Amino acid sequence: MAKNGNGNDPAAGRRAPAGAAVLREDKTEAIRAAVFEELAAVGFARMSIEGIARRAGVGKTAVYRRWRSKLHLVLDVVSAVAAAGLPTPDTGSLRGDVRMLLEVAARALRHPMASQIIPDLLAEAARSPELATALRAALHDSQEGVAAAVVASAVARGELPQNVDTRLALDLLTGPLYWRLLVVRDELPKGYLDALAGSVAAALGAE
């Protein structure tokens with residue numbers, strides 16, 4: 001085998017490491033993006049590893065090397081969304097914090113992909129306990145932490161009483177938007193988020 005002037009093999013630095021195949025991050029991200037696109041296009045029930053691989057521009061083996069089934073692939077993607085979480089606002093007032101959270105949530109729910117994927121996955125979760133658990137983490141538990149932080153800040157400022165129900169706060173924050181944007185599928189009229197922020201703060205007992 002040819003060596004360079006130092007007596008070293010120039011190909012040595014290019015050898016793949018022994019053991020498991022190296023999983024390229026760019027391919028992994030392409031597959032994750034393809035999952036969202038495929039879910040929006042055909043739904044969970046009709047989604048296939050073949051379709052995901054084709055959309056991602058990779059072979060089926062690249063997908064199976066990372067996830068053993070489409071359920072585990074979706075669980076991983078949903079869990080990643082949950083881990084990202086929502087930013088915790090700090091505007092200095094309960095109404096301001098609520099208004100910011102509503103704006104972020106409305107923007108996410110208005111996204112064409114989200115408006116198709118979320119209802120489909122919620123329907124599928126009724127048949128899959130694993131998916132139901134992952135969705136709970138993505139759509140409830142992570143957001144409950146943000147709601148709790150907003151309530152705690154408002155209590156510390158004296159805007160809310162000590163006995164505020166954090167789960168009620170989350171219901172009031174997310175329920176109206178989910179109903180309006182994903183169930184009724186109606187546009188939000190001008191001033192709606194401002195009015196809703198005021199109503200949520202008042203319902204929680206803001207002083």
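Computed from a predicted structure; not experimentally measured.
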Drop me the distance from [X]'s [atom1] to [Y]'s [atom2], to the nearest 0.5 angstrom.
X      : Y      : atom1 : atom2 : result
Asp76  : Leu71  : CG    : CG    : 11.0 Å
Ile31  : Arg55  : CD1   : CZ    : 13.5 Å
Leu204 : Thr166 : CG    : OG1   : 9.0 Å
Asp120 : Ile117 : CG    : CD1   : 8.5 Å
Lys60  : Arg54  : NZ    : CZ    : 10.5 Å
Leu177 : Tyr192 : CG    : OH    : 5.5 Å

Backbone N or O of [Y] within a donor-acceptor pair of the [X] side chain at under 3.5 Å?
X      : Y      : answer
Lys70  : Met47  : yes
Arg32  : Thr28  : no
Asp186 : Arg180 : no
Arg95  : Val200 : no
Ser115 : Arg110 : no
Glu159 : Leu94  : yes

Consider only side-chain heavy atoms of I, L, V, M, F, W and Y, link residues closer than 4.5 Å, and tell whether Met100 and Leu173 are in one cluster.
no
Cluster overlap Leu170 with Val146, hydrophobic side-chain contacts below 4.5 Å
no
Arg68 CZ: over 12 foreign heavy atoms closer than 6.0 Å:
no
Heavy atoms of other groups near Glu187 CD, more than 12 under 6.0 Å:
no
Between Leu172 and Val98, is the side chain to side chain contact (heavy atoms under 4.5 Å, CB included) condition met? List the steps.
CA-CA 10 Å; Leu172 291 170; Val98 169; over 6 Å; no
Side chain to side chain contact (heavy atoms under 4.5 Å, CB included) assessment of Val151 paired with Asp165:
CA-CA 9 Å; Val151 166; Asp165 186 338; over 6 Å; no
Closest approach of [X] to [Y] (non-hydrogen atoms, all atoms of both residues):
X      : Y      : result
His72  : Glu130 : NE2-OE2, 4.3 Å
Pro161 : Gly205 : CD-O, 3.8 Å
Leu188 : Ala106 : CD1-CB, 4.0 Å
Arg185 : Pro119 : NH2-CG, 4.0 Å
Ala56  : Ala30  : CB-O, 3.6 Å

Evaluate the side chain to side chain contact (heavy atoms under 4.5 Å, CB included) criterion for residues Arg99 and Glu103: first the C-alpha distance (whole Å), next the side-chain angles of each, then the deciding distance (0.1 Å), finally the verdict.
CA-CA 6 Å; Arg99 177 63 175 78; Glu103 178 65 36; 3.2 Å; yes
Can you check whether Leu101 reaches Pro89 side chain to side chain, under 4.5 Å on heavy atoms?
yes
With side chains defined as the heavy atoms from C-beta onward, is the minimum distance between Tyr178 and Asp171 less than 4.5 Å?
no
Can you confirm if the NZ or CZ of Arg127 lies within 45° of the ring axis of Phe44 and under 6.0 Å from the centre of its six-membered ring?
no
Checking side-chain contact (heavy atoms from CB on, under 4.5 Å) between Leu135 and each of Val74, Leu75, Leu121, which is the one that passes?
Leu121
